[in-house]
Amino acid sequence: MSETSPRDLVAEAFEAERDRLRAVAYRMLGSHADAEDAVQEAWLRLSRQDTATIHNLAGWLTTVVGRISLDVLRSRQTRPEASYDDRLPALVVTADDGLAPEDDVALADSVGLALLVVLDSLGPSERLAFVLHDLFAVPFEEIGQILGRSADATKMLASRARRKMRETDRPAVVGREQREVVRAFLTAARSGDFEGLLRVLDPEVRLTVDTPHGGIVVLGATKVAAGARLSSGAVTRGQAVLLNGLPGLVSWREDGTPFSAIAFTVVEGRIAGIAVVTDPARLASMDLPDPE
């Protein structure tokens, strides 16, 4: 029986870390495709490295993925045309089977679209410090090495990031109440009930739409309600789903092709955010259910 080669052992060790590394990169970059690219680049760097010099493989890989992600975030800032500010993070579609009340906690614990949108308000260094320390418990000393800063300076970055998170991210209502608010919105949209729409929309609601021509952002309940009334007739068939753990809706045209995927963020009984994907290319890349 042949012995396992050192390279095979390294590959096995890397595969054991892959899911965690993908989670780190996704929360840094907000894109499943970019996260996969970052993890693959980490593997390429590991394959070129003398592994005898690596004393903590998990820590080494986290550092590498962190640096790769930081470079991507900084490149987005220097190339406005490549900015993701008005693009939505990748949406993962799962069935909404009407969770039992005891299952609502799972929705509250998920790091979904709402967190990714708020993370986009942070600078690259702040985002790295917050994600690695607060979400993945990486010591400040190690994060500081990635950023080229002291541990104390890195602590300040994470503290500033937390303050921004508190200012922009209020605790969301989850589960059954979320679905009831979304249902009221959809009912009002279908009937053209403008006042009904205003009742369920936060005055500062943010609507983000991913179209084939780029991102569109609409702010304010009045404008969002007006758009919802105008577009309500375009939906032919719809199915309730969860999108990154948020209540949502997938709709299809009469010929069965996907029309849109919509995710709703509900805060204190009102809809504070609506994320819509109408870009056929992005819809085709999503694992959508078959139309009922």
Side-chain angles (χ1 to χ4, degrees), residues 4-49 51 54-73 76 84 87-97 99 103 105-120 122 124 127-143 145-147 158 161 165 174 241-246 248 261 263 275 282 285-289:
T4 303
S5 69
R7 180 174 176 79
D8 289 339
L9 291 174
V10 171
E12 289 178 9
F14 179 82
E15 287 303 319
E17 296 290 331
R18 182 182 289 274
D19 287 345
R20 185 182 62 84
L21 296 173
R22 188 188 295 117
V24 170
Y26 178 54
R27 282 155 181 77
M28 283 292 296
L29 301 173
S31 162
H32 287 294
D34 286 350
E36 289 287 358
D37 289 345
V39 172
Q40 185 60 26
E41 175 62 24
W43 163 248
L44 293 175
R45 295 187 187 186
L46 177 63
S47 66
R48 297 192 294 264
Q49 179 76 20
T51 54
I54 301 175
H55 305 295
N56 178 355
L57 181 62
W60 187 90
L61 288 169
T62 301
T63 297
V64 170
V65 168
R67 284 175 174 156
I68 294 168
S69 299
L70 188 63
D71 288 343
V72 173
L73 290 176
R76 290 178 186 173
Y84 277 47
R87 297 265 339 253
L88 298 174
L91 297 178
V92 178
V93 183
T94 53
D96 184 357
D97 298 321
L99 302 179
D103 294 327
V105 177
L107 284 178
D109 289 341
S110 67
V111 181
L113 176 65
L115 176 59
L116 289 170
V117 170
V118 175
L119 284 173
D120 277 344
L122 305 179
R127 185 162 179 161
L128 181 80
F130 175 82
V131 168
L132 290 187
H133 182 268
D134 286 40
L135 300 186
F136 294 95
V138 177
F140 284 121
E141 290 78 6
E142 295 180 21
I143 302 171
Q145 291 175 7
I146 300 173
L147 295 172
M165 296 287 285
V174 297
V241 295
L242 297 177
L243 290 153
N244 286 13
L246 298 176
R282 290 205 69 186
S285 70
M286 297 167 64
D287 187 16
L288 300 177

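Keep in mind it's a predicted model, so treat the numbers as computed, not measured.
- In this structure, the separation between CG on Leu21 and CD on Glu15 is 10.0 Å, given to the nearest 0.5 Å.
- The shortest heavy-atom contact between Arg127 and Arg27 is NH2-O, 3.0 Å.
- In this structure, Ile146 and Gly66 approach most closely via the heavy-atom pair CG2-C, 4.2 Å.
- The structure places NE2 of His133 at 10.5 Å from CD of Glu142, a figure rounded to the nearest 0.5 Å.
- Of the inter-residue distances, the one linking Ile54 atom CD1 with Leu46 atom CG reads 5.0 Å to the nearest 0.5 angstrom.
- Every residue was checked against the side-chain hydrogen bond (donor to acceptor under 3.5 Å, both in side chains) condition with Gln40, not counting sequence neighbours, and none meets it.
- Shown here are the side-chain contact (heavy atoms from CB on, under 4.5 Å) partners of Glu141, two or more places apart in sequence or in another chain: Pro139, Ala151.
- Separating the CG atom in Leu132 from the CD1 atom in Ile143 is a distance of 5.0 Å, to the nearest 0.5 Å.
- Using a 4.5 Å heavy-atom threshold, the side chains of Leu70 and Leu147 count as touching.
- Judged as a ring-ring contact (aromatic ring centres under 6.0 Å, His included), and not counting sequence neighbours, the contacts of Trp43 are Phe14.
- Smallest separation of non-hydrogen atoms from Ile68 and Ala42: CD1-N, 3.8 Å.
- Among residues two or more places apart in sequence or in another chain, the side-chain hydrogen bond (donor to acceptor under 3.5 Å, both in side chains) test is passed with Arg45 by Glu41.
- Take Asp134 and apply the side-chain contact (heavy atoms from CB on, under 4.5 Å) test, not counting sequence neighbours, and it matches Phe130, Arg162.
- The one candidate from Val131, Asp34, Leu135 that meets the side chain to side chain contact (heavy atoms under 4.5 Å, CB included) condition with Met28 is Val131.
- In terms of the side-chain hydrogen bond (donor to acceptor under 3.5 Å, both in side chains) criterion, residue partners of Gln49 (sequence neighbours excluded) are, by chain and number, Thr53.
- Residues passing the side-chain contact (heavy atoms from CB on, under 4.5 Å) test with Ala25 are Ala35, Ala38, Val65, Ser69, sequence neighbours excluded.
- In this structure, OG1 on Thr63 lies 8.5 Å from CG on Asn56, to the nearest 0.5 angstrom.
- Here Leu73 contributes atom CG and Leu128 contributes atom CG; the two are 8.5 Å apart, rounded to the nearest 0.5 Å.
- In this structure Arg20 satisfies the side-chain hydrogen bond (donor to acceptor under 3.5 Å, both in side chains) test together with Glu17, Thr62, sequence neighbours excluded.
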